[in-house]
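This report concerns only the one structure given below.
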Amino acid sequence: MSISTFDPDLSHALNQELKREQSGLEMIPSENFVSEEVLEALGSIGTNKYSEGYPGARYYSGCEWVDVIENLARDRAKQLFGVTHANVQPASGCAANIAAMFALLNPGDTLMGMNLFYGGHMTHGLPVNFSGRYYKSIQYTSTKEGYLDFEQMMSLALEHKPKLIIVGATAYPRLIDWQKAREVADAVGAFLMADIAHIAGLIISGDHPSPVGIVDVITTTTHKTLRGPRGAMILCNGNPSTPLKNVDVTKENIPTLVDRAIIPGIQGGPHNHQTAAIAVALKEALQPDFKEYGHQIVKNAKALAAELMARGFDLVTGGTDNHLMVVDLTNKNVSGKHAAVALDRAGITVNKNTVPFEPRSPFDPSGIRLGTPALTTRGMKEEDMKQIAAWIDEVITHHSDDQKLESIKEQVKNMTDRFPLYQMLKY
Ligand code: DSN
């Protein structure tokens with residue numbers, strides 16, 4: 001029996017979501033469209049099996065094929081990023097970050113990360129997140145222009161002596177200088193963690209410098225620019241030791257500490273269907289055309305940014321080097337929340353976002369965040385970005401004009417029809 005026969009309510013919701021994805025412009029920079037091969041693995045029988053532990057050392061019987069699946073994912077991750085150890089079990093980016101902190105810190109230890117409202121992430125020490133409640137959290141911000149402020153990081157580090165420094169962002173449009181972050185960490189003997197969730201695909205394509213060999217531990221999601229299923233990985237160098245030996249918290253022991261942080265530290269049974277889908281996505285990322293994909297994401301982002309700026313939009317840092325941009329709408333007299341709602345009604349999905357030194361509330365901030373990974377997956381190029389910038393401009397100018405928004409939605413639909421997505425899918 002199919003979902004449509006057994007559960008028409010769910011089938012309807014899935015088909016409507018499919019239609020929404022097909023007929024709109026998906027510009028949330030952390031979203032993407034996986035291949036049908038990744039979807040096939042994600043919907044596989046891998047979900048049926050319990051397999052706590054790691055390949056060759058499980059707590060359950062019957063794991064011989066799950067071991068093969070997990071080893072495929074681990075080996076491909078190691079090859080892609082040039083590391084000797086990969087843990088592919090974190091269920092999500094938050095879980096990967098929790099595990100990395102659980103591995104390296106004791107409750108009450110000091111960590112330092114980028115403030116969410118300047119482009120960081122809630123797991124980088126936001127006071128209301130576990131990372132800000134169970135550890136002493138020091139938050140760095142940015143320069144007035146929105147760039148990473150390594151001088152401020154250094155002075156905060158010297159003052160507070162964090163045991164762990166986290167570098168990585170969810171709304172940072174420029175390249176990250178890992179070496180400068182290393183200098184800060186070395187000045188106080190801190191562990192250095194890179195959260196590359198947003199830029200993992202760009203690191204693979206060579207469009208963003210890699211932190212490998214510079215930082216001590218790397219976390220990433222698998223579903224953003226990497227274009228895999230929802231999931232995450234922790235990458236590092238070295239090799240895990242036997243599971244039962246006691247290990248000190250040292251750089252050499254990071255692979256063991258990370259593996260133990262995932263299980264038994266914070267997770268139970270791995271999601272083997274998810275691991276299978278990660279393996280497929282990593283195989284896709286190993287193909288030569290993935291590099292082209294990464295290059296095109298950045299070309300598209302630069303083209304979109306240039307056209308928006310030509311139309312009087314104010315971009316944080318004055319542009320982008322990667323897959324995203326943060327637009328400060330203060331000079332357009334509309335809030336980020338209202339802009340996001342109007343754009344959504346016109347078939348353009350973005351998210352409201354704070355800007356550095358935000359004068360408004362995070363719930364109704366001054367900006368929006370736009371990205372090109374999903375549009376690039378659909379095959380769109382620089383000239384399409386020009387058209388999209390023109391629609392964004394029109395929507396922002398006429399954000400309360402229902403007819404105008406409806407007419408742009410129709411034009412967006414016509415454009416997306418030229419870039420087919422999941423044509424054979426139906427639930
Ligand atoms: N939710 C992700 C993003 O949109 O960037 C961060 O976890």
Side-chain angles (χ1 to χ4, degrees), residues 20-21 24-34 90-101 111 113-132 137 139 142 146 148 166-176 193-203 208 218-234 266 274 278 281 297-298 301 315-317 320-327 336-337 339-341 343-344 348-356 358 362-363 365 367-377:
R20 190 194 68 80
E21 293 184 17
L25 294 170
E26 183 47 74
M27 298 188 73
I28 293 174
S30 48
E31 294 188 10
N32 213 329
F33 302 117
V34 298
S92 69
C94 287
N97 287 352
I98 292 172
M101 291 174 211
L111 68 78
M114 193 177 194
N115 188 307
L116 172 68
F117 304 120
Y118 290 76
H121 188 253
M122 58 189 183
T123 56
H124 297 182
L126 187 73
V128 292
N129 183 260
F130 91 95
S131 55
S137 163
Q139 297 270 273
S142 70
L148 274 172
I166 305 170
V167 179
T170 61
Y172 187 64
R174 297 297 180 178
L175 303 182
I176 297 175
M193 168 177 144
D195 179 344
I196 61 165
H198 264 257
I199 52 175
L202 303 184
I203 288 172
H208 192 293
I218 298 169
T219 60
T220 183
T221 53
T222 45
H223 50 274
K224 298 186 175 96
T225 49
L226 185 45
R227 205 165 53 178
R230 211 153 276 283
M233 308 191 288
I234 306 177
I266 67 156
Q274 187 180 28
I278 289 173
I297 290 176
V298 177
L315 268 58
V316 172
T317 76
T320 181
D321 291 330
N322 59 21
H323 62 302
L324 67 76
M325 63 216 68
V326 178
V327 184
K337 182 173 158 187
V341 169
L343 285 163
D344 195 35
I348 302 173
T349 314
V350 307
N351 65 273
K352 60 178 183 276
N353 215 89
T354 51
V355 299
E358 175 64 61
F363 300 105
I368 50 175
R369 186 182 66 152
L370 309 172
T372 55
L375 301 182
T376 308
T377 294

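We use all heavy atoms of the structure for the numbers below, so side chains are in, but hydrogens, waters and symmetry mates are not. One-based numbering, in listed order, for ligands and for the atoms of each.
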Ranked by distance from atom 2 (C) of ligand 1, the top protein heavy atom is Lys224 CE, 4.0 Å

Across all chains, not counting sequence neighbours, the side chain to side chain contact (heavy atoms under 4.5 Å, CB included) partners of Ser142 are Met114, Tyr118, Pro356, Phe357

Review point. Nearest protein heavy atom to atom 7 (O) of ligand 1: under 4.0 Å?
Key: yes

- Query: Side chains of His124 and Asp195: is there a donor and an acceptor less than 3.5 Å apart?
  - Reply: yes

Per-atom filter on ligand 1: closer than 4.0 angstrom to a heavy atom of Ser30 are 3 (C), 4 (O), 5 (O)

From the list His121, His208, His323, side chain to side chain donor-acceptor pair (under 3.5 Å) with His198 holds only for His323

Would you say Arg369 contacts ligand 1, with heavy atoms under 4.0 Å as the rule? yes

Within 4.0 Å of some non-hydrogen atom of His198, the atoms of ligand 1 are 3 (C), 5 (O)

The answer for which part of His121 has a heavy atom under 4.0 Å from ligand 1 is side chain

For Tyr172, the ring-ring contact (aromatic ring centres under 6.0 Å, His included) test, sequence neighbours excluded, returns none

Exercise for review: Assess whether side chain to side chain contact (heavy atoms under 4.5 Å, CB included) is satisfied between Val327 and Leu315, documenting all intermediate values.
Suggested key: CA-CA 5 Å; Val327 184; Leu315 268 58; 4.0 Å; yes

Quick one: does any side-chain atom of His223 pair with a main-chain N or O of Gly231 as donor and acceptor, under 3.5 Å? yes

Counting from 1 in the order shown, the ligand 1 atoms closer than 4.0 Å to a non-hydrogen atom of Thr170 are 5 (O), 6 (C)

